[in-house]
S.K.: 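Before I ask anything, let me first share the structure, which is written out below as structure tokens.
Each ligand, and each atom within it, is numbered from 1 in the order the structure gives. Treat the numbers as computed from the prediction; the structure is a model and nothing was measured.
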Amino acid sequence: MFQQLSPNMLKTYDECPRKFDFRYIQNIQMPVNDDIFEFGKNIHALASYYLRKENIDKMEASLTSKELEVWSYLKSCEYFSYDTVNTEYNLAVKIDNHFFGGRLDALVKNADRYYILDYKTGSIPKNPKYDYQTMIYTLCVKEFFQTSNITFVYMDLKNKKNIEIEFTQNDENEYKLKLINIANKIDSYESAPKQSSCNCEYSILCY
Ligand code: SF4
């Protein structure tokens with residue numbers, strides 16, 4: 001059993017249990033596209049320093065024109081005028097006998113409502129309400145702050161739009177059941193056959 005399951009682990013298992021095996025059981029990491037990774041990392045770092053009210057003048061001056069365009073948009077969003085609770089915030093929640101958790105890009109607050117901010121420099125989830133990130137982070141905030149006034153916000157920096165998912169009381173049980181269900185599947189995983197006509201970064205190892 002894993003100590004803690006992250007949204008990425010659950011997404012990978014859904015995509016392909018065999019890929020999950022390579023990545024999280026055998027701990028084999030494959031190279032990623034460095035340019036996209038670096039771009040996202042820079043924007044995340046800048047947003048974190050800004051929300052923590054640190055001086056970012058030098059960082060801003062060193063941005064490429066593409067980074068500056070994205071950063072200007074992000075900074076102008078209303079959520080960045082709310083109170084910062086924390087950034088790059090590690091939270092976890094225990095559901096049944098499983099721990100789920102991860103690192104929130106930012107948690108901000110306006111009046112009595114918490115907003116979980118997630119910056120996306122790539123694509124946003126196809127089904128955001130039931131994305132593992134939405135479910136896990138929302139339940140983490142609910143448990144830690146003992147509140148249901150939570151909105152998860154996917155900030156789509158490529159298309160310059162935001163998707164809000166407002167948590168309701170009815171979501172709690174549904175989210176928990178979905179998470180327990182996949183965690184139990186992972187716990188009972190032994191092996192999986194190669195999928196037909198598929199391709200991923202592990203295909204060179206997969207036969
Ligand atoms: S190549 Fe196919 S079966 Fe193998 S790990 Fe990747 S997605 Fe899974």
Side-chain angles (χ1 to χ4, degrees), residues 1-45 66-67 70 88-105 116-140 152-163 165 171 173-207:
M1 185 189 281
F2 289 88
Q3 269 191 335
Q4 181 174 298
L5 291 165
S6 69
N8 271 344
M9 293 170 83
L10 304 186
K11 273 182 218 176
T12 305
Y13 190 87
D14 263 359
E15 244 175 85
C16 173
R18 205 173 165 104
K19 186 170 168 182
F20 178 90
D21 189 327
F22 285 128
R23 173 67 188 86
Y24 296 108
I25 297 176
Q26 300 183 52
N27 280 320
I28 301 171
Q29 302 230 29
M30 298 306 262
V32 292
N33 183 330
D34 278 340
D35 287 349
I36 297 174
F37 182 69
E38 278 305 313
F39 179 70
K41 216 169 77 174
N42 291 344
I43 295 295
H44 279 70
K66 189 180 165 203
E67 285 170 337
V70 168
E88 302 295 332
Y89 193 16
N90 285 307
L91 281 178
V93 62
K94 187 176 183 209
I95 303 169
D96 202 15
N97 59 340
H98 307 283
F99 281 93
F100 301 90
R103 185 182 295 173
L104 285 60
D105 288 345
I116 301 166
L117 306 184
D118 194 79
Y119 323 128
K120 291 285 185 218
T121 47
S123 54
I124 58 157
K126 287 194 181 80
N127 188 4
K129 183 174 169 71
Y130 296 104
D131 189 86
Y132 289 121
Q133 218 173 7
T134 312
M135 296 194 284
I136 291 177
Y137 293 177
T138 302
L139 291 176
C140 284
F152 194 108
V153 189
Y154 284 102
M155 305 184 77
D156 178 351
L157 303 179
K158 200 160 69 175
N159 300 303
K160 298 191 174 60
K161 62 178 187 186
N162 302 316
I163 294 174
I165 301 125
D171 295 328
N173 279 347
E174 198 180 5
Y175 281 4
K176 284 182 173 173
L177 283 174
K178 284 180 185 294
L179 293 174
I180 291 168
N181 183 31
I182 188 158
N184 286 340
K185 279 190 200 165
I186 290 174
D187 276 355
S188 58
Y189 170 83
E190 283 175 0
S191 65
K194 183 180 185 326
Q195 296 183 19
S196 58
S197 64
C198 61
N199 199 9
C200 81
E201 64 270 36
Y202 291 94
S203 54
I204 193 168
L205 306 171
C206 190
Y207 41 82

S.K.: Hydrogens and angles aside, do D118 and Y137 bring a side-chain donor and acceptor to less than 3.5 Å of each other?
M.R.: no
S.K.: Answer yes or no on whether K194 is positioned over the face of Y207, meaning its NZ or CZ is under 6.0 Å from the six-membered ring centre and within 45° of the axis.
M.R.: no
S.K.: For Y154 and T134, which I'm curious about, is there any donor-acceptor pair between the side chains at under 3.5 Å?
M.R.: yes
S.K.: What protein N/O/S atoms sit under 2.8 Å from atom 6 (Fe) of ligand 1, by chain and number?
M.R.: C200 SG
S.K.: Parallel, tilted or perpendicular: which describes the rings of Y202 and F22, with under 30° parallel and over 60° perpendicular?
M.R.: parallel
S.K.: When you check the side-chain N and O atoms of D187 and N184, is any donor under 3.5 Å from an acceptor?
M.R.: no
S.K.: Could you give the distance from OH (Y13) to OH (Y189), rounded to the nearest 0.5 Å?
M.R.: 7.0 Å
